[in-house]
**Student:** 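Handing you a structure now.
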Amino acid sequence: MQDQVGSAVVRLPRSPSRFYFSNKTLGTVGMLGAPFLALAMLWGALWGNHWLNPSYLDGVLCLVYISAWMCSLLGLAQLRATGPDRIGRGVLYIMFSTLILANFWNMYHAFHPNAWTLLYRALNMFWPISNLMMLLVGICVLRAEELIGWRRYVPLLVGLWLPSITLVYGCLGSNAGAMLFDACYSTSAWMILGYAVRTNPES
């Protein structure tokens, strides 16, 4: 925005993009949804092979998890955490797109578990793609330096979840220790992300 005073041009600061909810609300929802991936893993470990297992519940739990993740990202967008330039905004647009498609898989899985159609498998690919995109988001947040203090490192911590668990599962296999690391990492990292959004000053 610009205003003219005489012959001089004064640049006025742009107000941050606003949605319908405050960052405090969006961050709180992000924190509340953080444990739902761990709950889905726990449910699968305890009841995955049981004849009473309602497989659709896995899709519902993951739907809540990703929807809460999107709330944290909306907070990052309001804070312009990835920067005000086209690259920063574009990374967030792509990130949201991958999460929306991953949520379509969650809904598909909730209504038709283990369908293994071409569409089912294609949508399922956006789970790892969205996590890889989070690495790029984390790098953009570090580059932009819009978040205050330790908060600017949190998106990168979230983005490192997929490489970390890939390494752990590759070394330990799918045992209880690896699953515990996975559950603790995902819950804590996404909860810290929500907390960072909730507590970062909005102006």
Side-chain angles (χ1 to χ4, degrees), residues 27-73 76 95-96 98-117 119-139 141 150-151 153-198:
T28 300
V29 175
M31 292 175 67
L32 292 174
F36 276 79
L37 181 61
L39 291 175
M41 289 188 289
L42 179 63
W43 181 262
L46 294 178
W47 295 95
N49 296 320
H50 198 282
W51 67 277
L52 289 175
N53 172 34
S55 299
Y56 63 83
L57 185 59
D58 181 59
V60 173
L61 292 172
C62 291
L63 180 67
V64 174
Y65 165 76
I66 283 192
S67 298
W69 183 0
M70 293 175 72
C71 287
S72 292
L73 285 175
L76 291 180
M95 183 74 217
F96 277 116
T98 61
L99 288 178
I100 289 170
L101 291 168
N103 251 352
F104 282 150
W105 181 88
N106 292 331
M107 291 184 280
Y108 196 162
H109 185 70
F111 285 104
H112 193 357
N114 301 316
W116 291 112
T117 63
L119 178 60
Y120 182 94
R121 286 177 288 174
L123 291 174
N124 191 29
M125 288 298 298
F126 285 95
W127 265 87
I129 290 173
S130 62
N131 281 282
L132 289 174
M133 276 301 304
M134 197 63 199
L135 265 176
L136 188 55
V137 171
I139 293 170
V141 170
W150 57 268
R151 296 171 185 83
Y153 301 99
V154 176
L156 185 61
L157 173 69
V158 172
L160 288 171
W161 170 77
L162 183 60
S164 298
I165 64 164
T166 301
L167 179 63
V168 169
Y169 280 120
C171 294
L172 302 180
S174 299
N175 59 23
M179 292 184 66
L180 180 62
F181 173 83
D182 189 354
C184 291
Y185 193 134
S186 65
T187 300
S188 58
W190 269 259
M191 190 170 289
I192 296 170
L193 177 65
Y195 182 75
V197 169
R198 188 180 191 278

**Student:** Apply ring pair (Phe, Tyr, Trp, His ring centres under 6.0 Å) to Phe104 and list each qualifying residue two or more places apart in sequence or on a separate chain.
**Tutor:** none
**Student:** For residues 158-166, run the donor-acceptor check on the side chains, cut-off 3.5 Å, and write out each pair with its distance to 0.1 Å, sequence neighbours left out.
**Tutor:**
{"from": "Trp161", "atom 1": "NE1", "to": "Asp182", "atom 2": "OD1", "distance (Å)": "3.0"}
{"from": "Ser164", "atom 1": "OG", "to": "Leu160", "atom 2": "O", "distance (Å)": "2.7"}
{"from": "Thr166", "atom 1": "OG1", "to": "Leu162", "atom 2": "O", "distance (Å)": "2.7"}

**Student:** Using the side chain to side chain contact (heavy atoms under 4.5 Å, CB included) criterion, which residues pair with Ile139? Sequence neighbours excluded.
**Tutor:** Leu156
**Student:** Just to verify, what does Ser174 make a side chain to side chain contact (heavy atoms under 4.5 Å, CB included) with, not counting sequence neighbours?
**Tutor:** Tyr169
**Student:** With rounding to the nearest 0.5 Å, note down the distance linking CH2 in Trp190 to CH2 in Trp69.
**Tutor:** 5.0 Å
**Student:** Quick check against the 3.5 Å criterion: does Ser186 have a side-chain atom that pairs as donor or acceptor with the backbone of Ala183?
**Tutor:** yes
**Student:** For Tyr195, give me all partners under side chain to side chain donor-acceptor pair (under 3.5 Å), at least two apart in sequence or on another chain.
**Tutor:** none
**Student:** Sequence neighbours left out, what passes side chain to side chain donor-acceptor pair (under 3.5 Å) with Thr98? Give chain and number order.
**Tutor:** none
**Student:** How many angstroms lie between CG in Leu193 and CG in Leu73, if you round to the nearest 0.5 Å?
**Tutor:** 6.5 Å
**Student:** Over all heavy atoms of both residues, which pair between Ile192 and Trp150 is shortest? Give the atoms and the distance, please.
**Tutor:** CG2-CZ3, 3.9 Å
**Student:** Can you pull the side chain to side chain donor-acceptor pair (under 3.5 Å) pairs that have at least one residue in residues 29-40, sequence neighbours excluded?
**Tutor:** none
**Student:** Which residues pass the ring pair (Phe, Tyr, Trp, His ring centres under 6.0 Å) test with Phe181, sequence neighbours left out?
**Tutor:** Tyr185
**Student:** Among all residues two or more places apart in sequence or in another chain, which pass the side chain to side chain donor-acceptor pair (under 3.5 Å) test with Tyr120?
**Tutor:** His109
**Student:** Closest heavy-atom contact between Cys62 and Trp127?
**Tutor:** CB-CZ2, 3.5 Å
**Student:** List the residues meeting side chain to side chain contact (heavy atoms under 4.5 Å, CB included) with Arg151, not counting sequence neighbours, and say none if there are none.
**Tutor:** Leu147, Ile148, Ala196, Thr199, Asn200
**Student:** Measure the CG-CG distance between Leu57 and Leu63 for me, rounded to the nearest 0.5 Å.
**Tutor:** 11.5 Å
**Student:** Mind listing the closest non-hydrogen atom pair of Ser188 and Cys184 along with its distance?
**Tutor:** OG-O, 2.7 Å
**Student:** Check the pair Thr117 / Tyr108 against side-chain hydrogen bond (donor to acceptor under 3.5 Å, both in side chains), numbers first and verdict last.
**Tutor:** CA-CA 11 Å; Thr117 63; Tyr108 196 162; 2.9 Å; yes
**Student:** Quick check for you: to the nearest 0.5 Å, what is the distance between Ile100 atom CD1 and Met95 atom CE?
**Tutor:** 10.5 Å
**Student:** Might you work through the side chain to side chain contact (heavy atoms under 4.5 Å, CB included) test for Met125 and Leu101, ending with a clear yes or no?
**Tutor:** CA-CA 9 Å; Met125 288 298 298; Leu101 291 168; over 6 Å; no
**Student:** Give the minimum heavy-atom separation between Val197 and Ser72, together with the two atoms involved.
**Tutor:** CG2-O, 3.5 Å
**Student:** Closest approach of Pro128 and Asn124, non-hydrogen atoms and distance?
**Tutor:** CD-O, 3.4 Å
**Student:** Got a second to check how far Leu39's CG is from Met41's CE, nearest 0.5 Å?
**Tutor:** 9.0 Å
**Student:** With sequence neighbours excluded, what pairs up with Asn103 under the side chain to side chain donor-acceptor pair (under 3.5 Å) test?
**Tutor:** Ser67, Asn106
**Student:** Nearest 0.5 Å please: distance from the OG1 atom of Thr187 over to the CE atom of Met31.
**Tutor:** 12.0 Å
**Student:** Would you name the heavy atoms of Trp116 and Arg121 that are closest together and state the gap between them?
**Tutor:** CE3-CG, 3.4 Å
